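Quantities reported herein were computed from a predicted structural model and do not represent experimental measurements.
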Amino acid sequence: MSDRQISLEIVTPEKIVYSADVTSIYAPATLGGIGILPGHTALITGLTIGQLRITPAGGNEEQLFVSGGFLEINHDKAVILAKSAEKREDIDVERAKEAKARAEERLNSRTEGLDVDRAEAALKRAITRLKIAE
């Protein structure tokens with residue numbers, strides 16, 4: 001294994017969520033999951049709702065929630081510009097459970113004017129947050 005690292009920064013419109021050197025990244029890209037190791041070729045890809053797994057230099061794997069955005073890799077520097085991102089310990093489990101229940105209720109009732117895509121995305125965000133928090 002290479003002793004090289006990737007400088008990773010995860011940014012949302014509100015704040016910098018994460019900034020550290022890592023040895024690997026697994027991201028939920030729009031066309032499927034993507035693994036990034038040091039020396040990866042330059043890349044820009046879209047992200048979808050999902051689990052972001054990173055291995056900090058000298059540490060254990062960490063999991064974060066990410067909700068869309070972009071990932072850019074260039075010269076062992078990775079930047080994730082996310083709509084939202086949360087570390088496992090920052091996920092509000094009760095809020096996620098409530099959001100899941102609301103989304104399921106909307107989808108089950110199918111009231112006129114319901115934006116099904118939006119309700120399904122809300123459900124997916126809630127389920128993913130709960131999965132990561134476990």
Side-chain angles (χ1 to χ4, degrees):
M1 182 172 145
S2 170
D3 60 357
R4 293 186 9 188
Q5 300 170 357
I6 304 166
S7 173
L8 172 63
E9 193 165 84
I10 303 171
V11 181
T12 68
E14 292 83 30
K15 64 183 178 178
I16 296 173
V17 175
Y18 188 92
S19 182
D21 290 337
V22 301
T23 57
S24 69
I25 303 167
Y26 179 83
T30 53
L31 296 177
I34 184 170
I36 308 292
L37 296 172
H40 197 284
T41 189
L43 167 79
I44 296 177
T45 187
L47 297 176
T48 187
I49 297 166
Q51 179 184 53
L52 178 69
R53 296 190 328 252
I54 55 177
T55 305
N60 295 325
E61 182 180 272
E62 297 178 20
Q63 298 175 30
L64 291 88
F65 168 80
V66 67
S67 177
F70 295 92
L71 164 65
E72 178 182 14
I73 310 288
N74 198 7
H75 299 292
D76 286 333
K77 177 162 176 60
V79 177
I80 293 176
L81 303 173
K83 291 180 184 178
S84 66
E86 296 171 75
K87 294 179 182 177
R88 169 187 264 170
E89 61 269 18
D90 294 335
I91 294 174
D92 184 336
V93 174
E94 288 306 311
R95 184 172 167 232
K97 286 179 181 177
E98 291 168 5
K100 180 178 181 266
R102 281 192 309 273
E104 288 173 335
E105 183 179 323
R106 280 192 301 257
L107 288 167
N108 289 333
S109 70
R110 298 285 177 156
T111 59
E112 188 173 328
L114 173 69
D115 185 340
V116 174
D117 290 339
R118 187 173 176 188
E120 287 175 345
L123 180 59
K124 184 173 182 180
R125 285 191 303 271
I127 290 170
T128 303
R129 280 186 173 105
L130 291 170
K131 179 182 172 190
I132 293 168
E134 291 176 349

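Taking CD1 from Ile54 and CD from Glu62, the interatomic distance works out to 5.0 Å, rounded to the nearest 0.5 Å.
Under the 4.5 Å side-chain criterion, counting only non-hydrogen atoms from C-beta, Ile36 is not in contact with Leu8.
Val93 and Ile49 fall into different hydrophobic clusters, defined by Ile, Leu, Val, Met, Phe, Trp and Tyr side-chain heavy atoms under 4.5 Å apart, directly or through other members. The same ILVMFWY cluster, assembled from side-chain heavy atoms under 4.5 Å apart, contains both Ile25 and Tyr18.
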- Message: Applying side chain to side chain contact (heavy atoms under 4.5 Å, CB included) to Leu52 and Leu47, what does each step give before you reach the verdict?
- Response: CA-CA 10 Å; Leu52 178 69; Leu47 297 176; 5.9 Å; no
Would you give me the side-chain donor-acceptor pairs under 3.5 Å for residues 126-134, sequence neighbours excluded?
{"from": "Thr128", "atom 1": "OG1", "to": "Lys124", "atom 2": "O", "distance (Å)": "2.8"}
{"from": "Arg129", "atom 1": "NE", "to": "Glu86", "atom 2": "OE2", "distance (Å)": "2.4"}
{"from": "Arg129", "atom 1": "NH2", "to": "Glu86", "atom 2": "OE2", "distance (Å)": "2.8"}

May I have the list of side-chain donor-acceptor pairs in residues 72-84 shorter than 3.5 Å, sequence neighbours left out?
{"from": "Asp76", "atom 1": "OD1", "to": "Gly39", "atom 2": "N", "distance (Å)": "2.6"}
{"from": "Asp76", "atom 1": "OD2", "to": "Arg4", "atom 2": "NE", "distance (Å)": "3.2"}
{"from": "Asp76", "atom 1": "OD2", "to": "Arg4", "atom 2": "NH2", "distance (Å)": "2.5"}

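Of the listed residues (Asp90, Ile10, Val66), just one forms a side-chain contact (heavy atoms from CB on, under 4.5 Å) with Val17, and that residue is Ile10.
Other residues, nucleotides and ligands place more than 12 heavy atoms under 6.0 Å from the CD atom of Glu89. The environment of Arg88 atom CZ is dense: over 12 non-hydrogen atoms of other residues, nucleotides or ligands sit within 6.0 angstrom. Within 6.0 Å of the OH atom in Tyr26, the count of heavy atoms belonging to other residues, nucleotides or ligands exceeds 12.
A pairwise comparison of heavy atoms in Thr48 and Ala29 identifies CG2-O, 3.9 Å as the closest pair. Contact detail for Thr23 and Ala57: the closest heavy-atom pair is CG2-CA, 4.0 Å. The minimum heavy-atom distance linking Phe70 with Gly46 is given by the pair CD2-CA, 3.9 Å.
Here salt bridge (Lys or Arg N to Asp or Glu O under 4.0 Å) pairs that include residues 28-53, with residues two or more places apart or in two chains, are Arg53-Glu61. Residue pairs meeting the salt bridge (Lys or Arg N to Asp or Glu O under 4.0 Å) criterion with at least one member in residues 7-34, sequence neighbours excluded, do not occur.
Leu37 belongs to no hydrophobic cluster with other residues, because no ILVMFWY side-chain heavy atom falls under 4.5 Å from its own, directly or through intermediates. Membership of an apolar cluster is not assigned to Leu31, as no side-chain contact below 4.5 Å to another ILVMFWY residue is traced.
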